[in-house]
2 protein chains.
Amino acid sequence: MLKISELSAKVGLSAHTLRFYEKNGLVNASVRSESGYRYYNDADVKRVEFVKSARNIGFSLDDISTLLSIRVDKQSHSCQEVTDITQNKLDEVNSKIAELQSMQKILQILLDSCCGGPENAIHCSIMEALEDHEIQSPHEGVS
Amino acid sequence: MLKISELSAKVGLSAHTLRFYEKNGLVNASVRSESGYRYYNDADVKRVEFVKSARNIGFSLDDISTLLSIRVDKQSHSCQEVTDITQNKLDEVNSKIAELQSMQKILQILLDSCCGGPENAIHCSIMEALEDHEIQSPHEGVS
DNA sequence: GTTGACCTTAGACTTAACTCTAAAGTTTAT
DNA sequence: ATAAACTTTAGAGTTAAGTCTAAGGTCAAC
Ligand SMILES: [Zn+2]
Ligand SMILES: [Zn+2]
Ligand SMILES: [Zn+2]
Ligand SMILES: [Zn+2]
(Lines give C-alpha, C1' and ligand atoms only; values in the text may rest on other atoms or scores of the structure.)
(Ligands and ions follow the chains in the order given, each with its own letter.)
Protein backbone atom coordinates (compact mmCIF):
# COMPACT_ATOMS: atom_id res chain seq x y z
CA MET A 1 0.00 0.00 0.00
CA LEU A 2 1.47 3.27 -1.14
CA LYS A 3 1.07 6.69 0.37
CA ILE A 4 0.31 9.48 -2.03
CA SER A 5 3.89 10.71 -2.31
CA GLU A 6 5.08 7.17 -2.99
CA LEU A 7 2.52 6.75 -5.73
CA SER A 8 3.49 10.16 -7.05
CA ALA A 9 7.14 9.10 -7.29
CA LYS A 10 6.18 5.77 -8.85
CA VAL A 11 3.93 7.08 -11.64
CA GLY A 12 5.33 10.57 -12.17
CA LEU A 13 2.21 12.54 -11.36
CA SER A 14 2.25 15.07 -8.55
CA ALA A 15 0.28 14.44 -5.37
CA HIS A 16 -1.71 17.55 -6.27
CA THR A 17 -2.62 16.04 -9.61
CA LEU A 18 -3.59 12.73 -8.01
CA ARG A 19 -5.93 14.54 -5.62
CA PHE A 20 -7.28 16.55 -8.54
CA TYR A 21 -7.97 13.34 -10.45
CA GLU A 22 -9.75 11.95 -7.41
CA LYS A 23 -11.91 15.04 -7.12
CA ASN A 24 -12.86 14.47 -10.75
CA GLY A 25 -13.77 10.86 -10.21
CA LEU A 26 -10.88 9.29 -12.09
CA VAL A 27 -8.92 7.53 -9.39
CA ASN A 28 -9.11 7.16 -5.66
CA ALA A 29 -7.33 5.33 -2.90
CA SER A 30 -9.16 2.17 -1.88
CA VAL A 31 -8.07 2.64 1.69
CA ARG A 32 -8.01 5.62 4.00
CA SER A 33 -6.29 5.47 7.36
CA GLU A 34 -8.16 6.59 10.48
CA SER A 35 -6.56 9.97 10.14
CA GLY A 36 -7.59 10.28 6.52
CA TYR A 37 -4.33 9.40 4.74
CA ARG A 38 -4.78 7.87 1.32
CA TYR A 39 -3.41 4.36 0.76
CA TYR A 40 -3.25 2.96 -2.76
CA ASN A 41 -3.28 -0.79 -3.45
CA ASP A 42 -2.04 -2.56 -6.59
CA ALA A 43 -5.33 -2.16 -8.42
CA ASP A 44 -5.33 1.56 -7.65
CA VAL A 45 -1.81 1.85 -9.03
CA LYS A 46 -2.81 0.05 -12.23
CA ARG A 47 -5.77 2.36 -12.63
CA VAL A 48 -3.55 5.43 -12.22
CA GLU A 49 -1.11 4.04 -14.75
CA PHE A 50 -3.97 3.47 -17.18
CA VAL A 51 -4.98 7.10 -16.73
CA LYS A 52 -1.45 8.22 -17.35
CA SER A 53 -1.13 6.18 -20.55
CA ALA A 54 -4.38 7.57 -21.84
CA ARG A 55 -3.34 11.08 -20.95
CA ASN A 56 -0.01 10.59 -22.73
CA ILE A 57 -1.84 9.74 -25.94
CA GLY A 58 -3.77 12.96 -25.60
CA PHE A 59 -7.15 11.82 -24.37
CA SER A 60 -9.08 14.39 -22.36
CA LEU A 61 -10.01 13.64 -18.79
CA ASP A 62 -13.59 13.25 -20.00
CA ASP A 63 -12.52 10.62 -22.53
CA ILE A 64 -10.49 8.95 -19.81
CA SER A 65 -13.53 8.81 -17.53
CA THR A 66 -15.40 6.99 -20.24
CA LEU A 67 -12.52 4.64 -20.92
CA LEU A 68 -12.30 3.88 -17.20
CA SER A 69 -15.96 3.02 -17.02
CA ILE A 70 -15.44 0.61 -19.90
CA ARG A 71 -12.37 -0.79 -18.18
CA VAL A 72 -14.19 -1.76 -14.98
CA ASP A 73 -16.84 -3.69 -16.89
CA LYS A 74 -15.42 -4.77 -20.22
CA GLN A 75 -18.11 -7.37 -20.64
CA SER A 76 -20.81 -4.73 -20.93
CA HIS A 77 -18.94 -2.67 -23.51
CA SER A 78 -17.92 -3.27 -27.07
CA CYS A 79 -14.78 -2.73 -29.09
CA GLN A 80 -16.81 -0.29 -31.11
CA GLU A 81 -17.28 1.99 -28.14
CA VAL A 82 -13.54 2.02 -27.66
CA THR A 83 -12.78 2.69 -31.30
CA ASP A 84 -15.38 5.45 -31.40
CA ILE A 85 -13.57 7.34 -28.68
CA THR A 86 -10.24 6.67 -30.33
CA GLN A 87 -11.45 7.64 -33.79
CA ASN A 88 -12.95 10.89 -32.48
CA LYS A 89 -9.67 11.72 -30.86
CA LEU A 90 -7.79 10.94 -34.06
CA ASP A 91 -10.17 13.15 -36.05
CA GLU A 92 -9.56 15.96 -33.60
CA VAL A 93 -5.80 15.50 -33.81
CA ASN A 94 -5.91 15.40 -37.60
CA SER A 95 -7.88 18.59 -37.81
CA LYS A 96 -5.52 20.36 -35.45
CA ILE A 97 -2.59 19.16 -37.53
CA ALA A 98 -4.23 20.48 -40.69
CA GLU A 99 -4.79 23.86 -39.05
CA LEU A 100 -1.22 24.05 -37.85
CA GLN A 101 0.12 22.99 -41.24
CA SER A 102 -1.76 25.81 -42.85
CA MET A 103 -0.15 28.22 -40.42
CA GLN A 104 3.20 26.59 -41.00
CA LYS A 105 2.90 27.03 -44.72
CA ILE A 106 2.10 30.73 -44.48
CA LEU A 107 4.80 31.38 -41.90
CA GLN A 108 7.34 29.66 -44.12
CA ILE A 109 6.30 31.72 -47.13
CA LEU A 110 6.60 34.88 -45.08
CA LEU A 111 10.05 33.92 -43.84
CA ASP A 112 11.20 33.07 -47.33
CA SER A 113 10.04 36.45 -48.60
CA CYS A 114 11.84 38.59 -46.01
CA CYS A 115 15.56 39.32 -46.03
CA GLY A 116 15.69 39.08 -42.25
CA GLY A 117 18.54 41.57 -42.19
CA PRO A 118 19.41 44.59 -40.08
CA GLU A 119 17.94 47.07 -42.53
CA ASN A 120 14.83 48.95 -41.51
CA ALA A 121 11.39 47.45 -41.94
CA ILE A 122 9.90 50.06 -44.24
CA HIS A 123 9.74 47.66 -47.18
CA CYS A 124 9.50 44.48 -45.13
CA SER A 125 7.50 41.95 -47.09
CA ILE A 126 6.15 40.31 -43.97
CA MET A 127 4.69 43.60 -42.79
CA GLU A 128 3.30 44.15 -46.26
CA ALA A 129 1.68 40.74 -46.29
CA LEU A 130 -0.01 41.48 -42.98
CA GLU A 131 -1.38 44.71 -44.46
CA ASP A 132 -2.94 42.86 -47.36
CA HIS A 133 -6.18 40.95 -47.10
CA GLU A 134 -4.77 37.75 -48.49
CA ILE A 135 -4.39 35.97 -45.19
CA GLN A 136 -7.39 33.93 -44.16
CA SER A 137 -8.11 32.08 -40.99
CA PRO A 138 -7.43 28.34 -41.29
CA HIS A 139 -10.92 27.83 -39.89
CA GLU A 140 -12.72 29.89 -42.49
CA GLY A 141 -11.20 28.25 -45.56
CA VAL A 142 -13.70 25.45 -46.09
CA SER A 143 -12.46 24.15 -49.44
CA MET B 1 -16.06 57.03 -39.58
CA LEU B 2 -17.50 53.73 -38.46
CA LYS B 3 -19.33 52.89 -35.29
CA ILE B 4 -18.24 49.78 -33.49
CA SER B 5 -20.97 47.56 -34.91
CA GLU B 6 -20.16 48.77 -38.41
CA LEU B 7 -16.51 47.98 -37.93
CA SER B 8 -17.51 44.65 -36.45
CA ALA B 9 -19.53 43.81 -39.56
CA LYS B 10 -16.76 45.02 -41.84
CA VAL B 11 -13.87 43.06 -40.33
CA GLY B 12 -15.69 40.11 -38.84
CA LEU B 13 -14.71 40.61 -35.21
CA SER B 14 -17.38 41.08 -32.57
CA ALA B 15 -17.82 44.44 -30.87
CA HIS B 16 -16.93 42.65 -27.65
CA THR B 17 -13.67 41.51 -29.16
CA LEU B 18 -12.89 44.98 -30.48
CA ARG B 19 -13.38 46.44 -27.00
CA PHE B 20 -11.30 43.62 -25.57
CA TYR B 21 -8.51 44.42 -28.00
CA GLU B 22 -8.72 48.07 -27.01
CA LYS B 23 -8.47 47.19 -23.34
CA ASN B 24 -5.32 45.27 -24.21
CA GLY B 25 -3.79 48.12 -26.12
CA LEU B 26 -4.05 46.69 -29.61
CA VAL B 27 -6.52 48.98 -31.32
CA ASN B 28 -8.63 51.95 -30.37
CA ALA B 29 -10.98 54.38 -31.99
CA SER B 30 -9.27 57.65 -32.84
CA VAL B 31 -12.45 59.52 -32.12
CA ARG B 32 -14.97 59.41 -29.34
CA SER B 33 -18.25 61.27 -29.54
CA GLU B 34 -19.33 63.51 -26.68
CA SER B 35 -21.36 60.65 -25.30
CA GLY B 36 -18.44 58.25 -25.49
CA TYR B 37 -19.29 56.33 -28.65
CA ARG B 38 -16.28 54.96 -30.50
CA TYR B 39 -15.67 56.17 -34.07
CA TYR B 40 -13.09 54.43 -36.22
CA ASN B 41 -11.36 56.17 -39.12
CA ASP B 42 -9.62 54.55 -42.09
CA ALA B 43 -6.32 54.18 -40.29
CA ASP B 44 -8.08 52.51 -37.38
CA VAL B 45 -9.74 50.09 -39.76
CA LYS B 46 -6.41 49.23 -41.37
CA ARG B 47 -4.91 48.61 -37.97
CA VAL B 48 -7.75 46.30 -37.02
CA GLU B 49 -7.37 44.45 -40.29
CA PHE B 50 -3.66 44.07 -39.63
CA VAL B 51 -4.49 42.57 -36.25
CA LYS B 52 -6.93 40.20 -37.84
CA SER B 53 -4.45 39.03 -40.45
CA ALA B 54 -1.83 38.43 -37.79
CA ARG B 55 -4.31 36.58 -35.63
CA ASN B 56 -5.35 34.41 -38.59
CA ILE B 57 -1.77 33.28 -39.02
CA GLY B 58 -1.76 32.27 -35.38
CA PHE B 59 0.24 35.04 -33.73
CA SER B 60 -0.60 35.62 -30.07
CA LEU B 61 -1.94 38.98 -28.98
CA ASP B 62 1.44 39.58 -27.38
CA ASP B 63 3.20 38.98 -30.68
CA ILE B 64 0.67 41.22 -32.38
CA SER B 65 1.38 44.01 -29.90
CA THR B 66 5.02 43.82 -30.84
CA LEU B 67 4.24 43.72 -34.55
CA LEU B 68 2.00 46.76 -34.15
CA SER B 69 4.73 48.71 -32.43
CA ILE B 70 7.01 47.89 -35.35
CA ARG B 71 4.27 48.88 -37.76
CA VAL B 72 3.84 52.38 -36.39
CA ASP B 73 7.55 53.11 -36.70
CA LYS B 74 9.03 50.86 -39.33
CA GLN B 75 12.07 53.06 -39.66
CA SER B 76 13.23 52.25 -36.16
CA HIS B 77 12.86 48.51 -36.58
CA SER B 78 14.59 45.93 -38.71
CA CYS B 79 13.49 43.06 -40.87
CA GLN B 80 15.35 40.87 -38.43
CA GLU B 81 13.01 41.79 -35.60
CA VAL B 82 10.10 40.80 -37.78
CA THR B 83 11.63 37.51 -38.85
CA ASP B 84 12.55 36.70 -35.26
CA ILE B 85 8.93 36.88 -34.22
CA THR B 86 7.90 34.92 -37.28
CA GLN B 87 10.58 32.27 -36.83
CA ASN B 88 9.68 31.81 -33.17
CA LYS B 89 6.09 31.31 -34.13
CA LEU B 90 7.07 28.82 -36.81
CA ASP B 91 9.20 26.90 -34.31
CA GLU B 92 6.26 26.76 -31.94
CA VAL B 93 3.95 25.56 -34.69
CA ASN B 94 6.43 22.93 -35.80
CA SER B 95 6.83 21.56 -32.33
CA LYS B 96 3.09 21.36 -31.83
CA ILE B 97 2.77 19.56 -35.14
CA ALA B 98 5.43 17.07 -34.08
CA GLU B 99 3.63 16.42 -30.83
CA LEU B 100 0.31 15.92 -32.57
CA GLN B 101 1.87 13.64 -35.18
CA SER B 102 3.21 11.45 -32.45
CA MET B 103 -0.30 11.20 -31.00
CA GLN B 104 -1.68 10.59 -34.46
CA LYS B 105 0.69 7.73 -35.05
CA ILE B 106 -0.21 5.99 -31.81
CA LEU B 107 -3.93 6.51 -32.29
CA GLN B 108 -3.70 5.07 -35.78
CA ILE B 109 -1.82 2.02 -34.53
CA LEU B 110 -4.44 1.49 -31.84
CA LEU B 111 -7.27 1.78 -34.34
CA ASP B 112 -5.59 -0.64 -36.71
CA SER B 113 -5.19 -3.16 -33.92
CA CYS B 114 -8.83 -3.20 -32.77
CA CYS B 115 -11.65 -4.94 -34.60
CA GLY B 116 -14.04 -2.10 -33.75
CA GLY B 117 -16.95 -4.52 -33.74
CA PRO B 118 -19.93 -5.10 -31.50
CA GLU B 119 -18.28 -7.87 -29.49
CA ASN B 120 -17.43 -7.18 -25.88
CA ALA B 121 -14.22 -5.42 -24.92
CA ILE B 122 -12.67 -8.12 -22.78
CA HIS B 123 -9.88 -8.76 -25.27
CA CYS B 124 -9.83 -5.29 -26.78
CA SER B 125 -6.33 -4.52 -27.93
CA ILE B 126 -6.76 -0.78 -27.34
CA MET B 127 -7.65 -1.39 -23.71
CA GLU B 128 -4.72 -3.76 -23.45
CA ALA B 129 -2.34 -1.20 -24.89
CA LEU B 130 -3.50 1.33 -22.32
CA GLU B 131 -2.78 -1.19 -19.57
CA ASP B 132 0.78 -1.63 -20.78
CA HIS B 133 3.55 0.80 -20.01
CA GLU B 134 4.58 1.24 -23.60
CA ILE B 135 2.87 4.56 -24.16
CA GLN B 136 5.03 7.57 -23.43
CA SER B 137 4.23 11.21 -23.38
CA PRO B 138 5.28 13.01 -26.57
CA HIS B 139 6.99 15.54 -24.32
CA GLU B 140 9.14 13.06 -22.44
CA GLY B 141 10.61 11.31 -25.44
CA VAL B 142 13.71 13.47 -25.99
CA SER B 143 15.43 11.33 -28.65
C1' DG C 1 8.56 15.82 23.38
C1' DT C 2 9.84 18.22 19.77
C1' DT C 3 11.55 18.90 15.06
C1' DG C 4 10.74 18.08 10.35
C1' DA C 5 8.59 15.72 6.79
C1' DC C 6 4.37 14.40 5.38
C1' DC C 7 -0.69 14.53 4.95
C1' DT C 8 -5.55 16.71 4.89
C1' DT C 9 -9.15 20.14 3.01
C1' DA C 10 -11.30 24.00 0.68
C1' DG C 11 -10.63 27.09 -2.30
C1' DA C 12 -8.01 30.54 -5.03
C1' DC C 13 -4.98 31.12 -8.95
C1' DT C 14 -2.98 30.21 -13.72
C1' DT C 15 -3.23 30.81 -19.18
C1' DA C 16 -5.29 32.88 -23.50
C1' DA C 17 -8.49 34.87 -25.79
C1' DC C 18 -12.41 35.74 -25.58
C1' DT C 19 -17.63 35.94 -24.15
C1' DC C 20 -21.25 37.51 -21.59
C1' DT C 21 -23.98 40.26 -18.20
C1' DA C 22 -26.05 44.09 -15.93
C1' DA C 23 -27.25 48.54 -15.52
C1' DA C 24 -27.28 52.65 -17.51
C1' DG C 25 -27.02 56.18 -21.26
C1' DT C 26 -27.73 57.45 -26.50
C1' DT C 27 -29.48 57.47 -31.09
C1' DT C 28 -32.81 56.63 -34.65
C1' DA C 29 -37.18 55.88 -36.54
C1' DT C 30 -41.85 56.39 -36.42
C1' DA D 1 -42.45 61.23 -27.47
C1' DT D 2 -41.60 56.75 -27.26
C1' DA D 3 -39.89 52.25 -28.60
C1' DA D 4 -36.22 49.72 -30.62
C1' DA D 5 -31.69 49.37 -31.46
C1' DC D 6 -27.35 50.65 -30.20
C1' DT D 7 -23.60 52.00 -27.06
C1' DT D 8 -21.01 52.47 -22.66
C1' DT D 9 -18.52 50.48 -18.42
C1' DA D 10 -16.86 47.31 -14.96
C1' DG D 11 -16.52 43.08 -13.95
C1' DA D 12 -17.75 38.10 -13.92
C1' DG D 13 -17.64 33.68 -16.45
C1' DT D 14 -15.68 30.24 -19.85
C1' DT D 15 -12.26 26.28 -21.01
C1' DA D 16 -8.86 22.45 -19.50
C1' DA D 17 -5.90 20.62 -16.70
C1' DG D 18 -3.67 21.51 -13.49
C1' DT D 19 -0.92 24.34 -9.71
C1' DC D 20 -0.55 26.51 -5.44
C1' DT D 21 -1.72 28.25 -0.77
C1' DA D 22 -3.19 28.39 3.94
C1' DA D 23 -4.30 26.45 8.01
C1' DG D 24 -4.22 22.67 10.31
C1' DG D 25 -3.51 17.52 11.60
C1' DT D 26 -0.17 13.30 11.71
C1' DC D 27 3.84 10.46 11.73
C1' DA D 28 8.81 9.11 12.35
C1' DA D 29 13.10 10.01 14.31
C1' DC D 30 16.09 11.58 17.74
ZN1 LIG E 1 14.36 43.19 -45.42
ZN1 LIG F 1 11.37 42.01 -43.91
ZN1 LIG G 1 -12.59 -6.37 -30.88
ZN1 LIG H 1 -11.03 -3.54 -29.41
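Every chain is numbered from 1, with letters handed out A, B, ... down the list of sequences.
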A:T86 and A:T83: side chain donor to acceptor below 3.5 Å: no

Listed partners of B:E131 passing salt bridge (charged side-chain N to carboxylate O under 4.0 Å, His left out), at least two apart: A:R71

Hphob cluster co-occupancy, A:F20 + A:L68, side-chain heavy atoms under 4.5 angstrom: yes

Hydrophobic cluster identity match, B:V11 and B:M1, side-chain contacts under 4.5 Å: no

Chi angles and distances behind the side chain to side chain contact (heavy atoms under 4.5 Å, CB included) call for B:Y21, B:I64: CA-CA 11 Å; B:Y21 284 173; B:I64 297 175; over 6 Å; no

Chain A contact limits on DNA chain C, taken 5' to 3' with a cut-off of 4.0 angstrom to heavy atoms: C:dC6 to C:dT9

Span of DNA chain D in contact with chain A (heavy atoms, under 4.0 Å): D:dA17 to D:dC27

List the atom pairs, with distances to 0.1 Å, where a side-chain N or O of residues 41-48 of chain A and a protein N or O form a donor-acceptor pair under 3.5 Å, not counting sequence neighbours.
residue : atom : partner : partner atom : Å
A:N41   : OD1  : A:A43   : N            : 3.1
A:N41   : OD1  : A:D44   : N            : 2.9
A:N41   : ND2  : A:S30   : OG           : 3.3
A:D44   : OD1  : A:S30   : OG           : 2.7
A:D44   : OD2  : A:S30   : N            : 2.8
A:D44   : OD2  : A:S30   : OG           : 2.9
A:D44   : OD2  : A:N41   : N            : 3.0
A:R47   : NE   : A:L26   : O            : 2.8
A:R47   : NH2  : A:L26   : O            : 2.9

Residues within residues 84-94 of chain A bordering DNA chain D, heavy-atom distance below 4.0 Å: none

Polar side-chain atom of A:K3 near backbone of A:Y39 as donor-acceptor pair, under 3.5 Å: no

Heavy-atom closest pair, residues A:V51 and A:V27: CG2-CG1, 3.9 Å

Contacts of A:R38 that satisfy salt bridge (charged side-chain N to carboxylate O under 4.0 Å, His left out) - sequence neighbours left out: A:E22

Only pairs under 3.5 Å count here: list side-chain donor-acceptor contacts from residues 115-126 of chain A, not counting sequence neighbours, and write none if there are none.
residue : atom : partner : partner atom : Å
A:N120  : OD1  : A:I122  : N            : 3.0
A:S125  : OG   : A:S113  : O            : 2.7
A:S125  : OG   : A:S113  : OG           : 2.9

Residue list, side chain to side chain donor-acceptor pair (under 3.5 Å) with A:Q87, at least two apart or on another chain: A:D91

Sequence-distant partners of B:K96, salt bridge (charged side-chain N to carboxylate O under 4.0 Å, His left out), two or more places apart: B:E92

Nucleic acid contacts of residues 31-51 of chain A, taken as heavy-atom distances under 4.0 Å to DNA chain D: A:S35, A:Y37

Min side-chain heavy-atom separation B:L100-B:M103 under 4.5 Å: yes

Under 4.5 Å side-chain linkage, directly or through intermediates, the cluster mates of B:V72: none

Validation row: A:D112, A:I109 side chains within 4.5 angstrom (heavy atoms): no

Residues touching DNA chain D, which here means a heavy atom under 4.0 Å, drawn from residues 10-24 of chain A: A:H16, A:T17, A:F20, A:Y21

